[in-house]
Amino acid sequence: MKIATWNINGVKARIENLCQWLKDSDPDIACLQEIKSVDEGFPRGEIEALGYHVETHGQKGFNGVALLSKIKPDEVNRGLPGDETDEQARFIEGVFSVEGGVVRVCSLYLPNGNPSDDPIKYPYKLAWMARLEAFARDRMALEEPLILAGDYNVIPEPHDAKDPSQWVTDALFLPQTRAAFRRLENLGFVDAVRATNDETPLFSFWDYQAGAWQKNNGIRIDHLMLSPEASDRLRSTAIEKHVRAWEKPSDHVPVVGHFHF
DNA sequence: ATGGTAGGGTACCTA
């Protein structure tokens, strides 16, 4: 089974690329972020025509996440628990029946947090990460294959950036951000791409600005975090960076994991 | 060099 995460930066602007990628890459489950659409505006017909079930958690203009899957989820939950006043659509969870049990897959869009000296944005990022850690701890107790997939807006290590010195005051790379990400790992989650690749650097995002793609000035911020039960079944991973060279690309590329499910 | 580009939605906000 192939499970992927991709920040598509606007589903309406990316529908042609998205459909082409679904045909080429043929994921069983695709976790999307930044759909930038309300649920009613999501172009589900084109995606359903390719054989996918569609579950969305959208909002107007910004954010928004989705789960596309060849098998229909048994259960879907929208929103990250822990703050009923949070109206930003950044989290959706699906439970899928597979041979021998279930796999639980979450598509998450972690807050960017910049500018990092903003009195609202960076604290919101850290609070969201604390809620994610609490959620992950709860789910870990189920002892199920669990995949927390998404745009984490976290550069885990210096070698996950072409030029780490550019990022020292950035919310994606501040010590507190990286420490919160490590706390998630220390619950027992495995960074699937890092666990299956010795090579560095590996990037999943190249800014639209200043020729970042042409200069390979990238960062690795899109991650597949696996519970031990999911990690046991991991075969390989890939970063499909050729998609960044397509016409009208997203600034992120798909990150995929192959599993023995 | 302190910019640059893109999406959403129609004035700026977010990234």
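Numbers restart at 1 for each chain; the letters A, B, ... are given by sequence-line order, proteins then strands.
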Across every strand shown, the nucleotide meeting Watson-Crick or G-U wobble geometry with B:dG4 (both distances under 3.5 Å) is none

Quick note, A:K121 side chain, CB onward, closest among B:dG8, B:dT10, B:dA15 is B:dA15

Checklist line | side-chain N/O A:K36 vs B:dA15 OP1/OP2, d < 4.0 Å | finding: no

Shortest non-hydrogen pair, A:R78 vs A:T56, comes out as NE-O, 2.8 Å

note: A:Q209, atom CD; B:dT5, atom P; distance rounded to Å ~ 7 Å

From CG of A:D118 across to P of B:dC13 the rounded distance in Å is 12 Å

message = Once you measure the plane-to-plane angle for A:F91 and A:F135, does it fall in the parallel (<30°), tilted (30-60°) or perpendicular (>60°) bin?
response = perpendicular

A:I120 atom CD1 is separated from B:dA15 atom C1', nearest whole Å, by 18 Å

Report the relative orientation of the aromatic rings in A:W206 and A:W213; use parallel for angles under 30°, tilted for 30 to 60°, perpendicular for over 60°. perpendicular

A:N7 CG to B:dA15 P, in whole Å, measures 11 Å

Of A:Y208 and A:D251, the one whose closest nucleotide on DNA chain B sits nearer the 5' end is A:Y208

Taken to the nearest whole Å, CD/A:Q166 to P/B:dT2 is 15 Å

Side-chain contact check for A:F62: nearest option of B:dT10, B:dC13, B:dG4 is B:dC13

Side-chain contact check for A:A210: nearest option of B:dT10, B:dG7, B:dG4 is B:dG4

Rounded to whole Å, the CG-C1' distance (A:N17 to B:dG7) equals 14 Å

Do other residues, nucleotides or ligands put more than 12 heavy atoms under 6.0 Å from the CD atom of A:E16?
-> no

> So is A:R233 actually on top of A:F259's ring, under 6.0 Å and inside 45° of the axis?
Replying inline: no

note: A:R244, atom CZ; B:dT5, atom P; distance rounded to Å ~ 13 Å

On DNA chain B, more 5' by nearest nucleotide between A:F205 and A:N9 is A:N9

Which of B:dG7, B:dT10, B:dG4 is nearest the side chain of A:R14? It is B:dG7

note: A:D151, atom CG; B:dT14, atom C1'; distance rounded to Å ~ 13 Å

Among the nucleotides B:dA15, B:dG4, B:dG7, whichever has the atom closest to the side chain of A:R90 is B:dA15

B:dG3 and B:dA15: how far apart are their C1' atoms, nearest whole angstrom?
16 Å

Worksheet item: Does CD belonging to A:E75 count more than 12 external heavy atoms closer than 6.0 Å?
Response: yes

_B:dT14 versus B:dG4 - spacing of their C1' atoms, nearest Å_ = 16 Å

Please report the distance separating the P of B:dG9 from the corresponding atom of B:dT5, rounded so that it comes out in whole Å. 22 Å

If pairing means Watson-Crick or G-U wobble with both distances under 3.5 Å, then the partner of B:dT10 is none

